[in-house]
Amino acid sequence: MTGLLEPRAIGTSLERLDGRAKVTGTAPYAFEHPVDNGVYLHPVQSSIARGRITAVDATEAEALDGVIAVLTPANAPRLVSGDDRELAVLQSDEVGFRGQFVAAVVAESSEIARQAADMVGVTYDRQPHDTELRADRDDLYAPGVVNPDYPTDTSDGDPDGAFASAAVTIDETYTTPMEHNNPMEPHATVALWAGDALTLYDSTQGPNLVRDGIAGLFGLPADRVRVIAPHVGGGFGSKTLHANVVLAAVAARVVAGRPVKFALTRQQMFSLVGYRTPTIQRIRLGADSDGRLTAITHDVIEQTSRIKEFAEQTAVPTRSMYAAPNRRTTHRLAALDVPVPTWMRGPGECPGMYALESAMDEMALACGLDPVEFRIRNEPDVDPESGLPFSSRNLVACLREGARRFGWERRDPIPAARREDGWLVGTGVAASTFPVIRIPGSAATIRRVHDGRYRVEIAAVDIGTGTWTALTQIAADALDVPVDAVDLQIGDTALPPASVAGGSSGITSWGSAVVDAAREFREKYGPDPEDGDEAGGAMPDNPDTERFAMHAYGAQFAEVRVHADTGEIRVPRLLGVFAAGRIINPRTARSQFVGAMTMGLSMALHEDSVMDPRFGQVANHDFAGYHIATNADIGSIDAIWIEEDDPHVNAMGSKGIGEIGIVGTAAAIANAAHHATGIRIRDLPLTADKYIR
Amino acid sequence: MIPFDYERADDARSAVATVAGRPGAVFLGAGTNLVDHMKLGVANPDLLVDVSRLPFDVIEPLQGGGVRIGATVRNSDLAAAPVIRQRYPMLAAALLAGASGQLRNVATTAGNLLQRTRCVYFQDVTTPCNKRRPGSGCSAVEGYTRDHAILGASPHCVAVHPSDMAVALTALDAVVQVEGPSGPRSLAISDLYRLPGDQPQRDTVLEHGELITAVDLPELPMAARSSYRKVRDRASYAFALVSVAAAVDVVDGVMRDVRIALGGVAHKPWRASRAEEALRGAPAAEDAFRHAADAELTEARPLRDNAFKIPMARNTMVTVLRGLTWEEGR
Ligand SMILES: Cc1cc2nc3c(=O)[nH]c(=O)nc-3n(C[C@H](O)[C@H](O)[C@H](O)COP(=O)(O)OP(=O)(O)OC[C@H]3O[C@@H](n4cnc5c(N)ncnc54)[C@H](O)[C@@H]3O)c2cc1C
Ligand code: SF4
């Protein structure tokens with residue numbers, strides 16, 4: 001990659017262009033798009049986790065005033081492709097998990113739909129279900145690859161031999177619970193058929209992904225489906241294509257001409273739109289007497305659904321994190337009668353680095369080294385996994401800068417030695433990492449419009465991250481015009497296609513397409529184009545991806561207080577220092593880092609979807625039961641970054657920043673809690689009961 | 001949700017008559033608990049009689065000391081009332097430890113008392129629950145019981161009462177004033193609430209159609225030295241794992257009198273009479289606190305997920321008593 005864009009708008013803290021509309025309530029979210037003559041949908045969910053539907057009795061529901069249709073597996077419109085059992089909504093009488101759609105009511109109001117849904121009687125042939133993830137299961141299997149296409153297992157050197165002969169070793173198992181994404185805006189869709197053309201206003205991270213998926217299910221050319229998503233209230237990986245979107249489109253088929261509105265309730269979200277798999281992770285580390293790692297093994301057990309495989313890449317970050325000649329990583333899955341797990345902010349890195357960075361803390365103590373120093377001592381020169389040089393890697397700089405700002409040098413390493421007003425106080429550190437991901441398939445069009453303005457079009461999406469603003473800044477610099485000369489259009493598949501807002505890949509993929517289009521445009525028309533001049537571009541290949549390992553890094557520091565009597569745990573202070581290439585917009589970037597660290601804190605202290613194996617469902621499936629950090633749980637959170645020039649990643653010199661902030665937070669907090677109390681908890685979340693003595 | 005009628009009551013008497021005369025009728029306070037239950041299908045009333053605007057929104061002195069709190073006084077107003085803050089600080093603290101600012105601004109005193117358990121199975125109509133559907137079985141007793149009872153439970157129900165306010169009121173020996181179809185009556189708060197026994201569907205002894213009109217706080221000078229400590233997983237917006245309301249009267253390092261109630265441990269706010277007994281006349285010292293707390297908890301029976309509540313309740317009682325007597329010990 002050559003010729004980094006000259007930053008002018010890039011690097012400035014432009015205010016969110018959509019900010020005013022959002023705070024004044026005028027930015028339309030999926031459910032709010034005004035439509036005429038809308039009807040409402042409410043689903044019926046299975047009350048068994050495995051078996052077959054034997055009968056659906058809709059008589060009473062159909063008789064209710066205002067009910068338009070009751071959809072069942074017997075009468076629902078057929079989809080052409082039934083391979084994906086998560087998406088084959090109402091296509092068969094099989095039940096694969098509790099909470100699956102088994103029927104749905106379309107009615108004149110949402111209240112009637114909900115009332116009628118309760119009247120639908122479903123009888124089942126119930127089969128025994130199995131929803132319990134345990135390490136001692138005899139049916140664990142190795143998936144073909146782990147998400148998205150990493151090898152399932154890796155082995156270098158002789159990890160077992162090196163471990164056996166290491167001077168210092170630790171061998172510990174860490175677990176993380178099932179966690180649910182829970183964006184603020186529940187999943188919502190408005191679906192409208194006109195002939196064989198479908199329009200979806202959808203709360204989605206991937207307008208094109210939804211368009212292509214839905215078109216495939218209905219056997220339509222992709223251009224018969226249009227997905228519109230100008231504003232999306234968060235996704236965290238859960239807003240791709242799930243059964244709720246399919247159901248809305250199926251239901252709209254039977255009331256053709258009338259838009260079907262379908263918003264999930266918070267409770268429904270706990271069984272329908274994915275979650276992070278629970279993990280059981282065994283880590284073994286071996287080091288020589290100088291604290292240099294000789295062996296790392298990371299063996300992961302996690303779950304998927306029997307109806308569809310999703311294999312979280314939990315051990316993948318361990319492959320390139322630290323220098324150790326002998327390494328092994330493995331992933332094994334249990335296929336259970338549970339909803340399908342999916343991406344949740346930082347899939348792989350987030351749970352995996354919790355375990356690895358907890359183990360690194362334990363190992364630093366075992367080696368008698370400061371945890372910052374221990375990590376620096378094990379910094380690799382090249383990517384241990386591929387042998388390639390890093391395009392840039394500034395973990396050490398992050399650790400040093402963080403240590404300086406956090407006051408780390410004054411830290412007494414002895415655990416359980418500080419007490420203030422009845423609270424035990426400790427500090428901890430952990431590293432963060434996230435790969436630079438680019439997803440092919442994005443294109444952009446630029447057109448000169450009146451008044452010297454440029455219309456920039458791409459079906460990218462802003463899920464609260466700041467896409468409207470950051471892409472405008474990139475387009476301005478690529479065109480060499482001020483930001484207010486750019487009219488960005490995103491969030492609509494009528495625009496040139498874009499990849500999904502996932503894997504922290506948006507700015508890399510969409511920004512590269514925009515820059516390419518701008519270059520085309522200027523090459524064709526020069527600095528003084530005519531109104532109507534138009535050029536297109538696409539994300540170019542980047543040969544450097546074959547020559548370099550590309551990742552962002554960070555270091556997180558936490559102060560934790562644990563009440564000596566009650567075990568309550570609080571985090572008054574968090575600092576994250578990141579090295580993530582060039583920062584396009586410090587304001588929105590900070591909000592990504594701080595938001596993700598907040599979510600990391602939430603993971604560390606609170607989030608826990610408790611599977612009740614008798615029913616095969618999450619027992620605490622609402623916000624009273626499933627705790628997410630509140631304002632009062634957050635003390636001071638600061639996120640900063642260090643300058644990083646990386647000419648290899650893309651034309652902007654940027655790395656993705658949406659996810660790295662959640663990676664490592666939980667380990668930093670767990671490590672600090674150990675420093676505070678001397679108690680090492682290896683099972684998230686870190687709740688009061690685990691510290692009470 | 002099913003369709004229902006709604007009426008706004010003009011006076012207590014007609015509200016009582018209306019509800020008493022219709023089996024499916026219920027009183028509506030601010031609805032922060034009841035309406036949630038209607039959405040979930042946990043409650044299916046066919047008539048809501050809105051009593052939130054009855055003229056019971058005053059806090060007034062009682063003859064012979066004490067304070068009367070009207071049934072429709074909002075939780076925020078009660079917490080902010082100078083008489084409560086000065087003379088019954090544990091009550092203000094308990095209110096402020098509950099729910100959120102928005103909820104407290106609307107929630108009524110009576111509604112708070114009669115809010116129902118947060119047991120996850122009670123709130124999920126797809127799972128059996130004796131409290132919601134008598135005889136269907138208790139899903140919690142062999143299930144997820146992190147939040148459940150350690151004291152006074154029965155095989156039929158192991159739920160806890162969720163109110164913070166009611167814990168303080170229990171420590172204060174509050175008296176609940178009730179207007180019923182056959183006239184008024186007064187109930188000591190500890191008699192209002194029930195243990196589950198074999199009738200977990202009944203949280204309280206109130207009969208259908210009985211309206212709470214006020215809660216009386218007796219004169220209790222020692223309550224000026226009182227506090228409420230709520231232990232919870234989240235720093236706000238979470239129900240208590242364990243909570244302690246306590247007031248002390250310490251003279252020359254000796255506990256002349258003490259009131260203690262526990263929340264999060266039982267089907268009703270739990271008056272810690274054994275601990276009180278053990279403390280009266282004892283030195284205001286750590287050992288005595290610990291001994292008293294242990295005495296209270298000898299009957300505690302943990303479930304699968306909540307054994308931690310025993311040390312947590314013990315330690316919290318000790319912490320609260322230590323805090324209240326700290327000045328004395330200096
Ligand atoms: C998200 C959330 C968090 C919460 N957190 C807490 C917490 O941490 N601690 C806590 O203590 N509480 C908490 N609560 C509960 C809250 O305190 C109650 O919902 C509230 O106090 C109920 O008051 P209300 O007026 O809205 O009652 P309503 O919901 O209107 O009524 C509740 C019950 O009382 C009956 N009722 C109402 N008035 C009368 C009357 N005058 N006479 C007889 N019966 C009557 C109703 O019929 C109904 O059965 C929380 C609630 C929510 C939604
Ligand atoms: S504990 Fe009580 S409320 Fe909970 S399921 Fe059992 S009977 Fe129902």
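Letters A, B, ... mirror the listed sequences (proteins, then strands); counts begin at 1. All values derive from a computational prediction rather than experimental measurement.
- At distances below 3.5 Å, not a single donor-acceptor pair connects side-chain atoms of B/Arg234 with backbone N or O atoms of A/Ala629.
- The CZ atom of B/Arg229 lies 5.0 Å from the OG1 atom of A/Thr566; values are rounded to the nearest 0.5 Å.
- Contact detail for B/Val120 and A/Asn620: the closest heavy-atom pair is CG1-CA, 4.1 Å.
- For A/His627, the parts lying under 4.5 angstrom from a heavy atom of chain B are both the backbone and the side chain.
- A/His563 has its side chain out of reach of B/Asn315: every pair of non-hydrogen atoms, C-beta onward, lies at least 4.5 Å apart.
- Among all heavy-atom pairs drawn from A/Ala632 and B/Ser236, the shortest one is CB-CB, 3.8 Å.
- Considering only heavy-atom pairs separated by less than 4.5 Å from chain B, the leading option among A/Ile628, A/Ile569, A/Ile634 is A/Ile628.
- A distance of 6.5 Å separates OG1 in B/Thr126 from NE2 in A/His621, rounded to the nearest 0.5 Å.
- You'll find the side chain of A/Thr687 stays beyond 4.5 Å of the side chain of B/Phe308, heavy atoms only.
- Between atom NZ of residue B/Lys230 and atom CD of residue A/Glu568 there is a gap of 11.0 Å, rounded to the nearest 0.5 Å.
- More than 12 heavy atoms of other residues, nucleotides or ligands lie within 6.0 Å of CZ in B/Arg304, so this atom counts as buried by the packing criterion.
- Counting heavy-atom pairs closer than 4.5 Å to chain A, the top-ranked of the candidates B/Asp147, B/Asp233, B/Leu40, B/Asn306 is B/Asp233.
- Rounded to the nearest 0.5 angstrom, B/Leu241 CG and A/Asp689 CG are separated by 7.5 Å.
- Interface remark: A/Leu605 contributes no atoms to any contact with chain B (heavy atom separation under 4.5 Å).
- Looking at A/Arg693, only its backbone comes within 4.5 Å of chain B, counting heavy atoms on both sides.
- By the 6.0 Å contact criterion, CD on A/Glu60 is open, its count of non-hydrogen atoms from other residues, nucleotides or ligands being 12 or less.
- Heavy-atom pairs under 4.5 Å with chain A were tallied for B/Arg118, B/Gln123, B/Arg146; the largest tally goes to B/Arg146.
- A pairwise comparison of heavy atoms in A/Arg614 and B/Ser139 identifies NH2-O, 2.7 Å as the closest pair.
- Within the 3.5 Å criterion, the main-chain N or O of B/Thr316 finds no donor-acceptor partner in the side chain of A/Asp565.
- Here the closest non-hydrogen pair linking A/Arg570 and B/Arg232 is NH2-O, 3.6 Å.
- For the 3.5 Å distance criterion, the side chains of B/Asp124 and A/Gln617 qualify, holding a donor opposite an acceptor.
- Within 6.0 Å of the NE2 atom in B/His156, the count of heavy atoms belonging to other residues, nucleotides or ligands exceeds 12.
- For B/Glu286, the CD atom counts as densely surrounded, since its 6.0 Å shell holds more than 12 non-hydrogen atoms of other residues, nucleotides or ligands.
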